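Below is one structure, written out as structure tokens; the observations come after it.
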Amino acid sequence: MVALTATGLPLALIAPQAAASGTSGTGSTTNRGWHGHPTDLPKVPLMVGGGGAVSSVDRDASQVGIDVLARGGNAADAAIATAAALGVTEPYSTGIGGGGFLVYRDARTGAVSTIDGRETAPSTFTDTTFTSGGKPMDFTTVVNSGLSVGVPGTPALWDKALRDFGTLSLNDALKPAERLAAQGFVVDQTFHDQTVANAARFARFPETARVFLPGGQAPAVGSTFTNPDMARAYRTLRTQGVSALYDGPLGQAIVNESNAPHTVPGMPVMPGQLTMNDLRDYRALAKAPIHSQYKGFDVYGMPVPSSGGIAVAEILNLMAAYEERTGVPTGSLSQVDYLHRFSEASATAFADRNRYVGDVPGVPVAELTSRGFAAERACLFSPSAAQPRPIPFGSPDGSYRSCAPGVAAQPSPREGLSTSHLTVMDRWGDVASYTLTIEQTGGSGITVPGYGFLLNNELTDFNFTPLTPGVPDPNLPGPGKRPRSSMSPTILLDDGKPFLAVGSPGGATIITSTSQTILGYLDRGLPLVDAIAAPRLSSRNGSSEGAEPALLSGDAAAGLVSLGHKLSNAGEIGAVTAIRALSDGQFEAAAETVRRGGGSAMVVQPQP
Ligand code: GLU
């Protein structure tokens with residue numbers, strides 16, 4: 001029998017150099033710390049040091065990833081182990097029942113590639129599935145129903161990432177998460193608040209109430225929350241493999257529950273349409289990344305069905321084009337003028353994304369991410385006035401000589417605000433940037449009986465009806481189709497070497513939070529953790545622009561309003577995590593200082 005360490009990883013995984021070093025905080029199997037972690041690190045938003053780095057929203061999850069790195073695992077191993085732990089401690093944002101996207105730099109080849117683990121629609125879906133009598137169905141009714149549940153992609157992504165890039169088996173990578181679910185974690189304010197916010201709809205599903213509202217209440221802050229059913233789900237996956245879900249009992253449980261959700265008497269919800277064949281047909285897909293360049297760095301993002309990589313690239317291209325047009329660098333602008341430019345760039349990118357990007361053939365990816373298209377779109381920019389919203393979409397047709405007006409203005413689709421992002425770098429130069437979700441906070445509200453995890457409501461990311469009559473909409477539902485996402489896991493390389501990994505949760509604001517962090521760091525001269533903490537503006541081409549409270553009063557608000565921007569209070573936007581590779585082989589891991597209670601940035605060997 002293989003000897004296991006405290007977190008359940010085989011001793012053989014301990015890298016010889018780490019095990020032998022005896023350096024404080026690395027690689028020892030001595031049970032020194034909290035829950036037996038060899039490296040017991042505090043929850044902080046900034047940590048610098050060597051040996052590899054993990055940044056996530058949650059301390060327990062980051063710790064799991066750091067333990068994997070300390071024992072010799074690589075970034076893929078740590079990313080999947082961290083993600084699985086997030087499924088336990090952030091069960092309303094992520095988990096087995098959802099999907100996500102991984103962007104990965106493989107140090108063996110230096111290449112960046114991606115895995116699409118997005119949920120898929122059942123084979124019975126059509127472009128009118130979310131209509132009734134020719135009208136869109138009520139959004140909230142669909143969210144809280146089996147009809148919103150897509151085939152989960154997360155387990156398939158984990159399996160593929162480990163096979164393609166990792167050194168751990170799925171069996172080993174999921175052990176720490178299983179342990180966390182079985183032994184429990186300490187409830188923080190965020191988990192408590194999210195439970196309270198969802199209590200009414202969770203109460204509608206007896207299994208969800210049993211698991212997440214023990215005794216009919218949201219678990220108290222500071223109490224220990226265990227989820228033995230979820231531990232069972234992880235045990236099933238790691239011992240039987242992902243076929244337990246895609247062609248086995250776990251999958252059958254998902255199909256049964258989504259097609260006939262158990263609810264309290266008198267409160268039925270719409271059934272779903274998933275079949276075991278839909279699950280058997282599911283594949284996590286390797287895809288070439290979106291590649292663009294900004295300020296001399298190579299920027300890699302997620303391709304379709306996410307709009308994240310395309311939109312981030314277009315925003316950065318537009319910011320560069322505004323610099324060229326005006327001759328004024330982003331770095332020398334006042335805060336108001338910078339936010340004005342950023343708002344114009346993101347609203348423009350959303351106009352194009354809403355018109356052209358979805359899980360359909362023929363998305364003009366190369367054109368949307370080209371400098372020529374950005375230059376044409378930038379000619380409508382004025383430093384002294386905001387363009388009226390909605391900004392019309394452009395013509396990414398390869399002919400960019402003229403200053404073309406937009407084609408047609410469309411309303412914005414409805415999008416949610418949940419999810420989790422994690423970043424990992426290891427000492428060999430592997431980089432993982434991974435965003436995963438179950439869509440809305442709490443997903444569909446439906447828990448799979450006996451397995452303790454929530455099912456996604458990802459299919460509500462489809463547009464229920466065309467945004468504009470007569471204009472093709474690439475994001476209508478369809479058989480086996482993947483709903484358009486905004487998830488933007490991003491990696492920047494400097495001359496082929498790891499430089500920055502970044503991403504965020506937050507529905508469509510993911511695109512703006514990720515871009516604003518990159519711009520804050522590269523152009524605005526902010527240290528990475530300050531670029532993350534900076535107040536956020538999310539202009540997505542709607543009638544008003546979501547702004548955090550810090551931008552709603554004082555000079556920033558007055559300046560933006562005088563330029564014609566209409567701001568609305570968006571509360572807290574996003575929860576970014578990022579890691580920067582330093583030139584001396586060290587890492588700077590960074591996370592939120594305040595949002596969502598602060599994130600958790602860790603390195604294997606912290607600098608004193
Ligand atoms: N469903 C969203 C997307 O894929 C992510 C969930 C959210 O953050 O609301 O873009």
Side-chain angles (χ1 to χ4, degrees), residues 56-57 83 86-87 90-95 97-103 114-121 130 139-140 142-143 148-154 157 190 194 197-198 290 301-312 346 349-350 353-354 357-359 412-422 433-445 454-464 474-475 477 481-490 503-515 536 538 540 546 570-577 592 595-596:
S56 83
V57 297
L86 284 172
E90 295 265 306
Y92 309 142
S93 299
T94 70
F101 298 107
L102 172 71
V103 179
T114 78
I115 301 178
D116 165 4
R118 186 67 159 172
E119 299 90 333
T120 54
F130 290 135
F139 184 78
T140 308
V142 180
V143 167
S148 68
V149 180
V151 178
T154 288
L157 185 150
T190 303
Q194 289 180 340
N198 279 285
I290 300 296
M302 198 63 220
V304 169
S306 184
S307 59
I310 293 170
V312 168
S346 49
F350 268 88
R353 166 242 198 219
N354 291 345
V357 182
D359 186 16
S412 299
R414 176 169 189 150
E415 323 219 21
L417 297 167
S418 178
T419 309
S420 206
H421 180 77
L422 67 98
S433 192
Y434 180 22
T435 316
L436 63 167
T437 188
I438 58 172
E439 213 305 279
Q440 194 150 312
T441 304
S444 61
L454 286 152
L455 288 170
N456 69 81
N457 66 299
E458 213 71 52
L459 303 183
T460 59
D461 271 2
F462 286 120
N463 294 343
F464 287 16
N475 192 36
K481 194 171 169 180
R482 301 182 181 210
R484 179 176 62 208
S485 171
S486 301
M487 290 190 271
S488 309
T490 306
S504 178
T509 69
I510 290 171
I511 289 167
T512 51
S513 296
T514 302
S515 307
R536 294 200 179 118
S538 186
R540 305 190 302 282
E572 210 174 82
I573 299 176
V576 168
T577 70
E592 297 287 354
R595 295 182 187 96
R596 285 208 198 175

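Keep in mind that what you see is a predicted model, and the values were worked out from it rather than measured. Ligands are counted one by one from 1 in listed order, and the atoms in each one are counted from 1 as well.
Those atoms of ligand 1 that come under 4.0 Å of a heavy atom in Thr437, given as number and element, are 5 (C), 6 (C). For ligand 1, the atoms sitting less than 4.0 Å from at least one non-hydrogen atom of Ser486 are 3 (C), 4 (O), 10 (O), numbered in the order shown with element in parentheses. Within ligand 1, counting atoms from 1 as listed, the ones closer than 4.0 Å to a heavy atom of Met487 are 4 (O), 10 (O). In the vicinity of Gly507, heavy-atom distances shorter than 4.0 Å reach the ligand 1 atoms 7 (C), 8 (O), 9 (O). Each of the atoms 8 (O) of ligand 1 lies under 4.0 Å from some heavy atom of Gly506.
Checked by distance only, ligand 1 and Pro505 stay at 3.5 Å or farther apart across all their nitrogen or oxygen atoms. Looking at ligand 1, you'll find an N or O of Glu439 within less than 3.5 Å of one of its N or O atoms.
At a heavy-atom cutoff of 4.0 Å, ligand 1 is contacted by no atom of Glu119, backbone or side chain. Contact annotation for Glu458 and ligand 1: only side-chain heavy atoms (C-beta onward) come within less than 4.0 Å of the ligand.
Across all their heavy atoms, Ser444 and Ser148 have their closest contact at CB-OG, 3.8 Å. Heavy atoms only, all atoms of each residue included: Pro505 and Ser420 are closest at CB-N, 3.8 Å. Heavy atoms only, all atoms of each residue included: Ser488 and Ile511 are closest at OG-CG1, 3.6 Å.
A salt bridge links Glu458 with Arg118; the closest basic N to acidic carboxylate O contact falls under 4.0 Å.
Here the side chains of Phe101 and Ile115 are not in contact, with every heavy-atom distance at 4.5 Å or above.
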I would like to know whether Glu592 and Val576 meet side chain to side chain contact (heavy atoms under 4.5 Å, CB included); could you show each step before the answer?
CA-CA 6 Å; Glu592 297 287 354; Val576 168; 3.7 Å; yes
Can you list the steps and then say if Ser538 with Arg536 is a side chain to side chain donor-acceptor pair (under 3.5 Å)?
CA-CA 7 Å; Ser538 186; Arg536 294 200 179 118; over 6 Å; no
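Among Ile510, Leu436, Asp461, Thr435, the residue whose heavy atom lies nearest to atom 1 (N) of ligand 1 is Asp461.
Distances shorter than 4.0 angstrom occur between a heavy atom of Arg118 and an atom of ligand 1.
Between atom CD1 of residue Ile438 and atom OG1 of residue Thr94 there is a gap of 7.0 Å, rounded to the nearest 0.5 Å.
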